[in-house]
Amino acid sequence: MLLEPDFYARGTLEVARDLLGKLLARDEVVLRITEVEAYRRHDSANHCRAGRTERNAPMWGPPGRAYVYLCYGIHHLLNLVTEPEGTGTAVLIRACEVVEGLDTVRARRRGLRGPALLTGPGKVGAALGVDTSWSHHPVWQPGGLMCHDAPPVEAVLSGPRVGVDYATAEDREAPWRLAIAGTPWVSQRRSLVPLESRHR
DNA sequence: ACAAGGATCCTCT
DNA sequence: GAGGATCCTTGTT
């Protein structure tokens with residue numbers, strides 16, 4: 001079952017948490033989301049921090065659409081747009097595990113095996129075969145790239161986001177990277193702690 | 001295990 | 001003209 005736009009229209013951190021365990025599908029490839037990062041409003045790490053530009057336009061659009069951008073000139077990073085239209089927020093998909101289409105994924109990932117196959121946002125983009133032309137694509141309607149519902153995950157880890165040194169100290173340290181506990185399909189496990197332990 | 005550096009190009013200042 | 005929400009290879013501990 002496809003997730004409805006309402007799913008994405010909620011707070012970005014909540015959507016990020018709930019996206020863990022959900023399924024990304026394109027053609028014969030199906031991936032289970034294992035690690036994400038939330039990019040929120042008033043967030044100095046967010047591409048939308050300086051307002052609307054041509055690149056970040058998808059993030060200002062309706063929730064439940066893709067925002068794909070080119071990173072370091074090489075990697076295509078997939079985000080899903082959150083919150084009501086005009087907010088400028090999204091969730092970055094950082095890692096997945098393969099559910100179906102292993103042969104296709106391995107072909108797109110130079111024949112690699114194991115977690116090296118999909119632990120990193122550029123790897124997810126490569127595995128799904130998406131590029132910037134997929135920006136604005138609604139993942140809640142049939143066809144192309146889709147996001148399907150799946151049972152919620154039980155235990156979640158959280159930690160600081162990766163590669164955002166340009167942000168303020170507060171935003172750099174904020175634990176807005178989330179991952180499924182107990183899976184090898186996660187990048188940089190060192191800095192992650194159980195989400196529950198953050199509640200005092 | 002970990003560190004360093006190159007690849008590569010679009011976007012924004 | 002600089003730098004980036006990264007990945008891979010190579011070299012060192």
Side-chain angles (χ1 to χ4, degrees), chain A residues 8 11-13 15-17 19-20 24 31 33-61 63 65-83 87-98 105-137 139 145 147 157-179 184-192:
Chain A
Y8 305 95
T12 301
L13 201 52
V15 175
R17 164 70 176 77
L19 276 172
L20 292 173
L24 287 170
L31 308 181
I33 299 170
T34 53
E35 179 185 346
V36 297
E37 280 177 1
Y39 287 87
R40 311 170 77 191
R41 202 174 183 190
H42 308 302
D43 175 358
S44 59
N46 188 327
H47 280 180
C48 293
R49 60 190 176 277
R52 186 184 183 115
T53 65
E54 191 174 346
R55 179 177 68 156
N56 68 31
M59 290 185 66
W60 299 97
R65 296 195 179 185
Y67 166 48
V68 182
Y69 78 94
L70 181 64
C71 188
Y72 295 102
I74 301 175
H75 306 287
H76 293 280
L77 273 55
L78 171 65
N79 302 253
L80 301 181
V81 177
T82 61
E83 308 208 23
T87 311
T89 51
V91 172
L92 171 68
I93 311 299
R94 277 197 59 89
C96 294
E97 67 178 316
V98 179
V105 172
R106 286 193 62 196
R108 288 172 174 167
R109 293 280 305 125
R110 303 185 181 194
L112 294 170
R113 3 174 33 136
L117 203 56
L118 271 179
T119 50
K123 304 177 185 183
V124 172
L128 289 168
V130 295
D131 58 28
T132 54
S133 69
W134 284 84
S135 269
H136 293 106
H137 177 86
V139 296
L145 180 65
C147 187
L157 306 177
S158 73
R161 294 171 294 180
V162 176
V164 293
D165 291 345
Y166 55 84
T168 64
E170 190 181 359
D171 290 336
R172 243 183 291 132
E173 293 156 16
W176 294 333
R177 181 163 69 105
L178 306 176
W185 300 92
V186 169
S187 68
Q188 309 202 17
R189 196 131 26 122
R190 295 181 293 286
S191 55
L192 295 172

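Residue numbers begin at 1 in each chain, while the letters A, B, ... track the order of the sequences.
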Classify the angle between the aromatic ring planes of A:Tyr69 and A:Tyr67 as parallel (below 30°), tilted (30 to 60°) or perpendicular (above 60°).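 Ring orientation of A:Tyr69 relative to A:Tyr67: parallel.
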With a 4.0 Å cut-off, would you call A:Asp171 and A:Arg49 a salt bridge?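 Looking at A:Asp171 and A:Arg49, the cut-off is not met.
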From [options], pick the nucleotide closest to the side chain of [X]?
| X | options | result |
| --- | --- | --- |
| A:Leu70 | C:dC7, C:dG4, B:dC10 | B:dC10 |
| A:Tyr166 | C:dA5, B:dC9, C:dC8 | C:dA5 |
| A:Arg110 | C:dT6, C:dT9, B:dC9 | C:dT9 |

Where along residues 111-135 of chain A does a heavy atom fall under 4.0 Å from DNA chain C?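 When residues 111-135 of chain A is checked for heavy atoms under 4.0 Å from DNA chain C, the hits, listed by number, are A:Leu112, A:Gly120, A:Pro121, A:Gly122, A:Lys123.
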Kindly state which residues belonging to residues 50-61 of chain A come within less than 4.0 angstrom of DNA chain C, counting heavy atoms of the residue only, listed by number.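 Hits under 4.0 Å, by residue number: A:Met59.
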Rounded to the Å, how far apart are [X] [atom1] and [N] [atom2]?
| X | N | atom1 | atom2 | result |
| --- | --- | --- | --- | --- |
| A:Arg177 | C:dT6 | CZ | C1' | 14 Å |
| A:Tyr69 | C:dA5 | OH | P | 5 Å |
| A:Arg108 | C:dC7 | CZ | P | 17 Å |
| A:Arg40 | C:dA5 | CZ | C1' | 16 Å |
| A:His76 | C:dC7 | NE2 | C1' | 13 Å |
| A:Gln188 | B:dA3 | CD | C1' | 14 Å |

Applying a 4.0 Å non-hydrogen cut-off, can you work out what [X] is touching in the nucleic acid: base, sugar-phosphate, or nothing?
| X | answer |
| --- | --- |
| A:Ile74 | base |
| A:Arg172 | nothing |
| A:Leu92 | base |

Please round to the nearest 0.5 Å and tell me the distance separating atom CD of A:Glu83 and atom CZ of A:Arg40.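 So the CD of A:Glu83 and the CZ of A:Arg40 are separated by 8.0 Å.
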Check this one for me: any side-chain N or O of A:Arg49 less than 4.0 Å away from OP1 or OP2 of C:dA5?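 False: A:Arg49 side-chain N/O out of range (4.0 Å or more) of C:dA5 OP1/OP2.
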Side chains of A:His75 and A:Leu70, heavy atoms from C-beta outward: is any pair under 4.5 Å?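 The answer is no; the side chains never approach within 4.5 Å.
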Within the structure provided, determine whether A:Leu145 and A:Leu78 are in side-chain contact (heavy-atom separation under 4.5 Å).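 Yes, side chains in contact.
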Dump the intermediate steps for side chain to side chain contact (heavy atoms under 4.5 Å, CB included) on A:His137 and A:Val130, then the final yes or no. CA-CA 11 Å; A:His137 177 86; A:Val130 295; over 6 Å; no
Report the base-pairing partner of C:dA5 (Watson-Crick or G-U wobble, both distances below 3.5 angstrom), or none.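 Partner of C:dA5: none found under 3.5 Å.
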Check A:Pro58 against A:Val81 and note the closest heavy-atom contact, atom names and distance.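 Shortest heavy-atom separation between A:Pro58 and A:Val81 comes out as O-CG2, 3.4 Å.
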Short side-chain donor-acceptor distance under 3.5 Å, A:Glu35 and A:Ser187: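 A:Ser187 vs A:Glu35: donor-acceptor pair found between side chains.
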Stepwise side chain to side chain contact (heavy atoms under 4.5 Å, CB included) check, A:Lys123 with A:Leu117: CA-CA 7 Å; A:Lys123 304 177 185 183; A:Leu117 203 56; over 6 Å; no
